[in-house]
Student: 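I have a structure I would like to understand better, so I am pasting it below and will then ask my questions one at a time.
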Amino acid sequence: MIEDDPAIRTAVLRALEDLGHAVTSAPDALSGLHAAVEQAPDIVILDLGLPDLDGSEMLRMLRAVSEVPVIVATARDDDPTAVRALNSGADDFLAKPFSAEQLDARIRAVLRRSQSPSATDDLVVGGLLLSSAARTASLDGVPLELTPREFDLLQYLMERPNTVVGKRELLTEVWRMAPSGADKTVDVHVSWLRRKLGETAAEPRYLHTVRGVGLKLTLPPTD
Ligand code: CA
């Protein structure tokens with residue numbers, strides 16, 4: 001975050017950290033430019049009114065050396081400098097005063113947009129590769145013949161590696177069904193998926209049953 005007002009800087013920095021971001025700050029354009037190049041952040045929040053250089057001037061300099069996403073913070077949303085900033089290569093702008101939640105939402109939206117489709121569509125866990133866009137999956141380079149439900153189940157688990165996912169959660173999120181205690185649907189599909197991955201419940205590699213809790217997809221042990 002490049003911002004010369006120490007009160008705003010401190011408040012936003014703390015709030016963003018509370019929301020789970022790692023944030024560093026710079027009080028002027030030139031130290032900010034240096035930090036943006038040196039630290040290679042995921043995103044830059046840039047105040048336009050800086051003591052040493054105009055923010056849009058700084059942005060042009062940054063754009064010459066970096067494609068890092070930039071959100072410009074401006075005094076007013078009809079500010080012509082904001083338009084100039086967008087023309088200089090800003091990805092979005094936010095009018096002051098803004099809440100940390102508003103900024104957080106913009107940050108996430110800009111980061112989503114800036115990620116290449118291949119980075120968001122392809123999931124990789126060990127030898128498992130899944131393409132959400134193409135709806136294909138393979139294991140160690142060999143295509144997996146999955147039913148739509150098995151594909152959805154595998155995708156859901158691969159999006160959350162090393163996380164125990166409950167059967168009720170799978171029923172509601174993958175099957176879009178109301179969870180009912182006695183439902184064996186998940187068990188049956190898991191056992192089919194297991195077979196296609198060439199493993200068993202007794203000797204799991206990727207799919208691990210966590211007794212009484214649910215299911216977890218992990219990297220297989222290296223031997
Ligand atoms: Ca300022």
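In each ligand, atom 1 is the first atom listed, and ligand 1 is the first ligand listed.
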Student: Only N/O/S atoms count here: what is the atom of Asp47 closest to the Ca ion (ligand 1) called?
Tutor: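 Checking each N, O and S atom of Asp47, the shortest distance to the Ca ion (ligand 1) belongs to OD2.
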
Student: Can you tell me how far CG of Asp152 sits from NE2 of His189, rounded to the nearest 0.5 angstrom?
Tutor: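 Rounded to the nearest 0.5 Å, the NE2-CG separation comes out at 10.0 Å.
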
Student: When you look at CZ of Arg14, are more than 12 heavy atoms from neighbouring residues, nucleotides or ligands closer to it than 6.0 Å?
Tutor: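 Open: at most 12 neighbouring heavy atoms sit under 6.0 Å from CZ of Arg14.
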
Student: Taking both backbone and side-chain atoms into account, decide whether Leu48 has an N/O/S atom under 3.0 Å from the Ca ion (ligand 1).
Tutor: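 It does not; every qualifying atom lies at 3.0 Å or beyond.
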
Student: Mark yes or no: Arg160 above the aromatic ring of Tyr156, with NZ or CZ under 6.0 Å from the six-membered ring centre and no more than 45 degrees from the axis.
Tutor: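 Yes, cation above the ring, under 6.0 Å and within 45°.
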
Student: Does the side chain of His208 reach to within under 4.5 Å of the side chain of Thr218, using non-hydrogen atoms?
Tutor: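 With C-beta onward as the side chain, the pair touches.
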
Student: Checking one value in my table: which N/O/S atom of Asp4 lies closest to the Ca ion (ligand 1)?
Tutor: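 Going by distance to the Ca ion (ligand 1), the closest N, O or S atom in Asp4 is OD1.
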
